[in-house]
Amino acid sequence: MRGLVFPGDRQARIEEFDDPQPGHGEVVVAVRAAAICGSDMHGYRATSAERSASGASGIIPGHEPSGVVHAVGGGVHNVKVGDRVAVYHFRSCGFCPECQGGRLMWCDTRRGYGGPIHGSDADYLLTDARNCLPLPDDASFALGAIFMCVGGTAFQAMKKLDARPGRRIAVFGLGPVGLAGLLYARAMGAEVIGIDRSPQRLELAGTLGADALVDAGAEDVAAAVRRWSGKDGVSGSFETSGTAAAQTVSVDVTGRGGSVAFVGFGSGVPSITPADIIVKQLSLMGSFVFPIDAYYTMLDFVVREKVPLEATITHTVPLADAPDILPAFDRGETGKVILVP
Ligand SMILES: [Zn+2]
Ligand SMILES: [Zn+2]
């Protein structure tokens, strides 16, 4: 089969791999949609020395997959060949308290697609039967792929921020996870202000229903958010950019009793002091993927409320063309990108 690799220094190429074979309890999924995630860019941007040292230069990236069950190993009863599935994005032991509570992302022996195990930017993906989540006929493969990372992460964050009518939410970073958060917050009845530097992403957020937009490259972000929210600030902030500046402002503009959900990883250190949190009695939270059973709540909400998550997709490209689209994604010039083998 074909698979994408990131050898380092922003190189990307398609290589040939052996087709995976399912062992006991395992499933091989023929990938129909594999979404590119902002977190894939950490591997793409790493130097070739870093990629070699981490052993990841020959590992296929991709952790947002959906597809059709292609082959099953012994002892697999929950899916059969031909079933449509979305694939949960950490493999895990299945038996520890975290796994049995559905929190596969916290299993001590979790293995992420793209490192250390092969991911979904390929023709086939090897996974565990328990990771295969049924994808109904009225949900597209692209939607299934979006659910598996950014869709789930943003949904959990908006639940934590208690998005609902009467609340005003600031979304920092309008990449795919920020845009998904914007759509959920609007569908839950909240008003949303979106903040980014990319003209393309600001325009897309406007099309998707942002109530207000701030160009972080041209405006004082805190002042612009307060002009919209009133001087007391927003009810909640969703920080997806991972930049220290945005993390700092997200806390600054959140009003008394409000909450901030952080999901963006970055290298800088925000200037946030305990006094910023104490007086306003803020709740600062992280959000990381989603417990596996939340898939069903999210699927039900998106189908019932017709949340147009697929509208965050700007490019659907054949797997073979992945190396050509990555530079634009890396520069923040695209929305969600879907690879189709
Ligand atoms: Zn992701
Ligand atoms: Zn476990």
Side-chain angles (χ1 to χ4, degrees), residues 4 6 25-26 31 33-46 56 59-67 86-122 125 127-131 133 141-157 173-181 184 238-242 261-266 286-295 298 309-310 312-315 322 325-326 329-330 332 334-339:
L4 180 67
F6 295 152
E26 291 182 328
V31 178
I36 299 179
C37 178
S39 66
D40 293 329
M41 293 299 99
H42 299 299
Y44 178 70
R45 293 168 189 155
I59 299 288
I60 301 167
H63 56 261
E64 305 188 15
S66 70
V87 183
Y88 187 82
H89 99 197
F90 284 108
R91 294 183 68 181
S92 65
C93 80
F95 298 102
C96 72
E98 299 297 359
C99 283
Q100 296 209 321
R103 301 172 297 270
L104 280 59
M105 72 287 189
W106 284 344
C107 176
D108 284 342
T109 60
R110 70 178 179 270
R111 290 166 292 156
Y113 303 119
I117 55 175
H118 285 315
S120 54
D121 297 344
L125 175 69
T127 189
D128 291 312
R130 76 175 72 87
N131 288 51
L133 297 164
F141 288 116
L143 183 60
I146 292 173
F147 278 146
M148 289 302 99
C149 177
V150 301
T153 299
F155 187 71
Q156 289 301 103
L174 298 170
V177 68
L179 292 174
Y184 285 130
F238 181 39
E239 207 308 292
T240 74
S241 77
F262 296 95
V263 305
F265 287 100
S287 206
F288 177 58
V289 202
F290 58 98
I292 197 164
D293 63 311
Y295 170 73
M298 169 171 60
L309 285 179
E310 290 145 293
T312 64
I313 300 168
T314 54
H315 298 75
I325 190 70
L326 281 159
F329 186 87
D330 182 35
T334 74
K336 201 69 182 157
V337 174
I338 303 287
L339 304 178

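The figures that follow rest on heavy atoms only: side chains count, while hydrogens, waters and symmetry mates do not. Indexing begins at 1, ligand by ligand and atom by atom, following the structure's order.
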Test log, rule side-chain contact (heavy atoms from CB on, under 4.5 Å), inputs Ile338 and Phe141: CA-CA 10 Å; Ile338 303 287; Phe141 288 116; over 6 Å; no
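Taking the six-membered ring for Trp and thresholds of 30 and 60 degrees, Phe288 and Phe90 have ring planes inclined between 30 and 60 degrees apart.
Between SG of Cys93 and SG of Cys107, the angle at the Zn ion (ligand 2) works out to 110°, rounded to 10 degrees. The SG atom of Cys149 and the NE2 atom of His63 subtend an angle of 120° at the Zn ion (ligand 1), given to the nearest 10 degrees. With the Zn ion (ligand 2) as the vertex, atom SG of Cys99 and atom SG of Cys96 span an angle of 110° (nearest 10 degrees).
When the Zn ion (ligand 1) is compared with the N/O/S atoms of Glu64, atom OE2 turns out nearest.
Taking 2.8 Å as the criterion, His89 does not count as a coordinating residue of the Zn ion (ligand 1), since none of its N, O or S atoms falls below it.
Judged by distance alone, with hydrogens and angles left aside, the side-chain atoms of His63 form no donor-acceptor pair with the main-chain N or O of His89 at under 3.5 Å.
For the atom pair CE (Met105) and OG1 (Thr153), the distance works out to 9.0 Å, reported to the nearest 0.5 Å. The distance from atom CZ of Phe6 to atom NE2 of His42, rounded to the nearest 0.5 Å, is 12.0 Å.
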